[in-house]
Structures are given as structure tokens and as C-alpha cells.
Visitor: 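Provided herewith is a single structure, encoded as C-alpha cells, for subsequent inquiry.
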Amino acid sequence: MNIVIALIVFGLLVAIHEFGHFAFAKLSGIKVNKFAIGMGPVIFKFNKGETEYSLRLLPVGGYCAMEGEDDASDDTRAFRNKPVKNRLAVVLAGPVMNLVLGVILSFVTAAFISDKLTTTTVREFYPDAVSAQTGLEVGDRIIKMDGTYIFTANDISYKFQNSDDGVFDLVVERNGEKINLDDVKFYRQYYYYIEKANDEIPYDHYVTFATREEYTGTEELQVAETNVDFRVKPLENKNFFSVMGYALKDSASTARLIWISFIDLIRGQYGLNDLSGPVGIVNAIGTVREYGLESLMNLITMLTINLGIFNLLPIPALDGGRTVFLIIEAIRKKPVPPEKEGMVHFIGIACLMLFMVIVTISDVTRLFNK
């Protein structure tokens, strides 16, 4: 079932991406020779008009092959014979469609699946919350933490998880005014025991208590520390506009987190074991399914936004790499020779395929070492 869901997810993300290229190519009058979902051997194909449509065996990508895309062509409808602005729109349409899909999925999850949507406004403090003693008040809407704009409550959690001391400079909205709060410390102690997995609970469940006095059972309680010392308000007046606003903020938050992760990867803060390919994603789908439909939808939303951002990176063979060549052409007023650009993209895709093989081997190794 995990594999079936993964195939559907991969197919959806690839199809929406390639459809973006396809639709804008047609709108720009560019001839599309082939439209494929998947790579490798053909499962089935058919021709309609001038385009061959196919479904292929390997669910690791797809393509929209346009006339004169990587070589010279005398056809007036060839990709390279169209104005730069048209070609730029076609190239960017794929990743943009993935980002749009992310917003749509986030909206659907928030509107129809999630039981409760949160804000960034403080509702109440836990007992002995330190932030209540260092400047934060009930009703404050957290706008920034250490200069980082806060879109959703997940951004607050991310800041907590990556903090060494739990001390932040905040910008909050209080009674309609923006207020700067310096050196606000977040900290509290809580108590918990672990409820082991069973038929009703498919994973280890931490049962927590704000104080020891709340607990009346016989399990041995453990003491823990956390920066989360307050609760946020739920989103009130759930309607189309409020949910759409939430979806846009949630998508922006996810996109920023993915971008930060890419930067951290380049800096060497993440290694090969922290990356996942198709095998790792199948395994992740199996894990989040245990948490319910909302968690699965959140994962799919993250994957499509990740695909959109990754394709915008200025790497040869990706849409971002092609965008760089189009910008160079616009500045120089003449295109880079197609054979040279094609060679750069060929080397780029060869490196990406090699990288994917390495990540897949790492995924399989982790799977068998569990």
C-alpha cells in the first residue's frame, strides 16, 4: 500500500509539473513532440495531434519534449525561435505549478481534514512558564523571533528546536501596536510517561502533564525540559478567506524551511544519511500513514513544494539552470549556442542521476540496517 500511495504521489507531482511546461508551451505556440510521465521503458503510449503521450516504468521524473529545445530547428514553432519572455514563462511554469499545488493541498487539508488550525497568538501559559516572567503576555501575536518572520506556529517550534538557550528577541503585536521584547526566555519543566504502541496506538505515545500533581496513575513519571511554555490560540471564524490565508502562510513557511535546509546542506550541516530518495519517501509515507490522513497530506504538500523549489535552483538540467541561460541571452541579446547549452545540461542531468543512485543506495542500506 505504501508503494501504491508513493506511485500515485510521484505521478501527481510529476504530472502537475510537466503539465505546467506543456500548457504554457501550447499557449506560446511551441510545438510539443512528447509528453511523458515517468522515465525509462514505455508502459503505454498514444498520439494525439502532434504530441506523443506516454506513461513510463520508472516513477522518478518525466519530461515535456519541445521542438528545438536543446538543438537548432528551422521550425517557426520551435522553442528557441520564440521570444525569451515566452520561453522563460514555459520554463518557470513547471516549478510554479508545484508551488501552486502546495497551496491547494494546504488549503484542502486546513479546510476539510484538520480539526484545529492554530495562530501565533499566545492563549495561555503553562505553570511556571519563564516567558511569562520575561516579557511575553497573553494576547501577544508573535511576529518575529530573532529577526525571522513568523508565519505559523510551526515556525515558532522550528526556532525552539534550533535554539541553544531558548532566549529570543521578539517583535509582537499587542493591543494593535508592534512592541520589541528583548531577551525573552522560554522554558518550563513537565512530566511524562510513555504509552507503548498497541492496536489502537500505532506508535509510542508520550502522555504529558504540566505538573506532577495532575497525574493519579501508577506509571513511573519522567521529568523533561522544553522551550514550549505557552499555548497558542486556535484560528477563529474558519471561512474561505481565513483558511486561504492560513494555507498561504503555511506554504510560505514550508518553502522557507526547505530553502534553509538546502543552504544547510551546502554548508555541510547535513550528510548523505540525512537525504532521502524514492525509497526513503516510500518509507516515510509508511510512517506518516500511522499518524493519519492529515500527516500524509502534510508530507505530500512538503514534497510538491520541495520539488518546485529544487527545480528553481540554478543547476544545469533543472528549470533553474535553463532560466540562467535565458537571462544570459536576454542580457547578451543573443543565445548561447544550443550545442554548448545542451552539453551543459547533459552533464548536469548525468550528475543528478548519479546523485540519485547514491541516495537510493543509502536509502536501501538504512532500510536493511533497521
Side-chain angles (χ1 to χ4, degrees), residues 95-96 98-107 109-111 114 116-125 129-132 134-187 226-238 241-267 269-270 298 301-310 312-313 320:
V96 169
N98 283 121
L99 298 178
V100 171
L101 178 61
V103 175
I104 294 173
L105 293 177
S106 181
F107 177 85
T109 303
S114 181
K116 183 182 295 184
L117 306 181
T118 58
T119 67
T120 61
T121 300
V122 178
R123 182 182 71 183
E124 62 181 357
F125 291 100
V130 175
S131 63
T134 54
L136 197 64
E137 296 182 5
V138 171
D140 287 351
R141 182 172 72 89
I142 299 176
I143 300 175
K144 291 183 179 181
M145 298 178 70
D146 284 347
T148 300
Y149 188 86
I150 301 301
F151 292 106
T152 68
N154 288 335
D155 293 329
I156 300 175
S157 298
Y158 178 80
K159 297 296 287 186
F160 285 162
Q161 291 169 7
N162 291 274
S163 172
D164 294 327
D165 57 9
V167 179
F168 298 91
D169 293 333
L170 304 183
V171 177
V172 302
E173 182 182 337
R174 180 182 297 170
N175 298 323
E177 296 182 5
K178 288 185 179 180
I179 298 176
N180 295 312
L181 302 175
D182 296 331
D183 298 328
V184 178
K185 181 174 179 58
F186 296 84
Y187 176 85
T226 179
N227 293 331
V228 183
D229 63 2
F230 68 96
R231 300 178 191 269
V232 294
K233 288 184 177 181
L235 179 67
E236 299 175 352
N237 301 321
K238 191 175 177 181
F241 296 103
S242 63
V243 173
M244 178 55 74
Y246 178 90
L248 290 170
K249 290 180 181 179
D250 183 60
S251 299
S253 174
T254 302
R256 181 175 61 187
L257 179 59
I258 291 170
W259 178 249
I260 291 173
S261 299
F262 279 135
I263 295 175
D264 289 342
L265 179 64
I266 295 173
R267 290 175 176 173
Q269 295 186 23
Y270 296 119
N298 288 336
T301 301
M302 185 274 292
L303 288 175
T304 186
I305 294 176
N306 182 84
L307 182 60
I309 292 177
F310 181 72
L312 288 173
L313 296 177

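The residues of the chain are indexed from 1 along the displayed sequence.
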Visitor: Hey, is the main chain of Lys185 close enough, under 3.5 Å, to the side chain of Thr134 for a donor-acceptor pair?
Guide: yes
Visitor: Can you tell me if Ser251 uses its side chain to pair, donor with acceptor, with the backbone of Ala247 under 3.5 Å?
Guide: yes
Visitor: Measuring from atom CZ of Arg141 to atom NZ of Lys233, what distance do you get when rounded to the nearest 0.5 angstrom?
Guide: 11.5 Å
Visitor: Can you give each donor-acceptor pair under 3.5 Å made by side-chain atoms of residues 257-266, sequence neighbours left out, with the distance rounded to 0.1 Å?
Guide:
| residue | atom | partner | partner atom | Å |
| --- | --- | --- | --- | --- |
| Ser261 | OG | Leu257 | O | 2.9 |

Visitor: Quick check: does any side chain N or O of Ser114 sit under 3.5 Å from a backbone N or O of Thr109, one acting as donor and the other as acceptor?
Guide: no
Visitor: Does the side chain of Val122 come within less than 4.5 Å of Val232's, by heavy atoms?
Guide: no
Visitor: Determine, stepwise, if the pair Ile309 / Leu99 fulfils side chain to side chain contact (heavy atoms under 4.5 Å, CB included).
Guide: CA-CA 8 Å; Ile309 292 177; Leu99 298 178; 4.2 Å; yes
Visitor: Can you name the residues that form a side chain to side chain donor-acceptor pair (under 3.5 Å) with Thr118, not counting sequence neighbours?
Guide: none
Visitor: Do the non-hydrogen side-chain atoms of Ile150 and Ile156 ever get within less than 4.5 Å of each other?
Guide: yes
Visitor: Would you indicate whether the side-chain heavy atoms of Val130 and Phe186 approach each other to under 4.5 Å?
Guide: no
Visitor: From Ile305 CD1 over to Ser106 OG, what is the distance, rounded to the nearest 0.5 angstrom?
Guide: 7.0 Å
Visitor: Using side-chain heavy atoms (C-beta onward) and a distance below 4.5 Å, is Asp140 in contact with Glu173?
Guide: no
Visitor: How about Ser253 and Asn154: does a side-chain donor come under 3.5 Å of a side-chain acceptor?
Guide: no
Visitor: Establish, yes or no, whether a centroid distance under 6.0 Å links the rings of Phe151 and Tyr149.
Guide: yes
Visitor: Below 4.5 Å, heavy atoms only, C-beta onward: do Val171 and Ile179 meet side chain to side chain?
Guide: no
Visitor: Could you tell me the separation between the OG1 atom of Thr121 and the CG atom of Leu235, rounded to the nearest 0.5 Å?
Guide: 10.0 Å
Visitor: Applying salt bridge (Lys or Arg N to Asp or Glu O under 4.0 Å) as the test, list every pair that has at least one member in residues 144-169; sequence neighbours left out.
Guide: Asp155-Arg256
Visitor: Are the side chain of Asn162 and the backbone of Tyr158 linked by a donor-acceptor contact shorter than 3.5 Å?
Guide: yes
Visitor: To the nearest 0.5 Å, how far apart are CE in Met302 and CG in Asp250?
Guide: 12.0 Å
Visitor: Does the side chain of Met244 come within less than 4.5 Å of Val103's, by heavy atoms?
Guide: yes
Visitor: Any sub-3.5 Å donor-acceptor pair from Asn227's side-chain atoms to Tyr187's backbone N or O?
Guide: no
Visitor: Mind checking side chain to side chain donor-acceptor pair (under 3.5 Å) for Thr304 and listing every partner two or more places apart, or none if nothing turns up?
Guide: Asn98
Visitor: Of all the heavy-atom pairs spanning Thr301 and Gly102, show the shortest one and how long it is.
Guide: CG2-O, 3.4 Å
Visitor: Can you confirm whether Leu136 sits close enough to Leu181 that some side-chain heavy atom of one is under 4.5 Å from a side-chain heavy atom of the other?
Guide: yes
Visitor: Describe, in one word, how the ring planes of Phe160 and Phe168 are oriented to each other, choosing from parallel (under 30°), tilted (30 to 60°) and perpendicular (over 60°).
Guide: tilted
Visitor: How would you list, by chain and number, every residue that makes a salt bridge (charged side-chain N to carboxylate O under 4.0 Å, His left out) with Arg123, sequence neighbours excluded?
Guide: none
Visitor: What pairs meet the salt bridge (Lys or Arg N to Asp or Glu O under 4.0 Å) rule with one or both residues in residues 175-184, with sequence neighbours excluded?
Guide: none
Visitor: Please check this pair: side chain of Thr120 against backbone of Thr152, looking for a donor-acceptor N/O pair closer than 3.5 Å.
Guide: no
Visitor: Count the heavy atoms belonging to other residues, nucleotides or ligands that lie under 6.0 Å from CD of Glu236, then report whether that count exceeds 12.
Guide: no
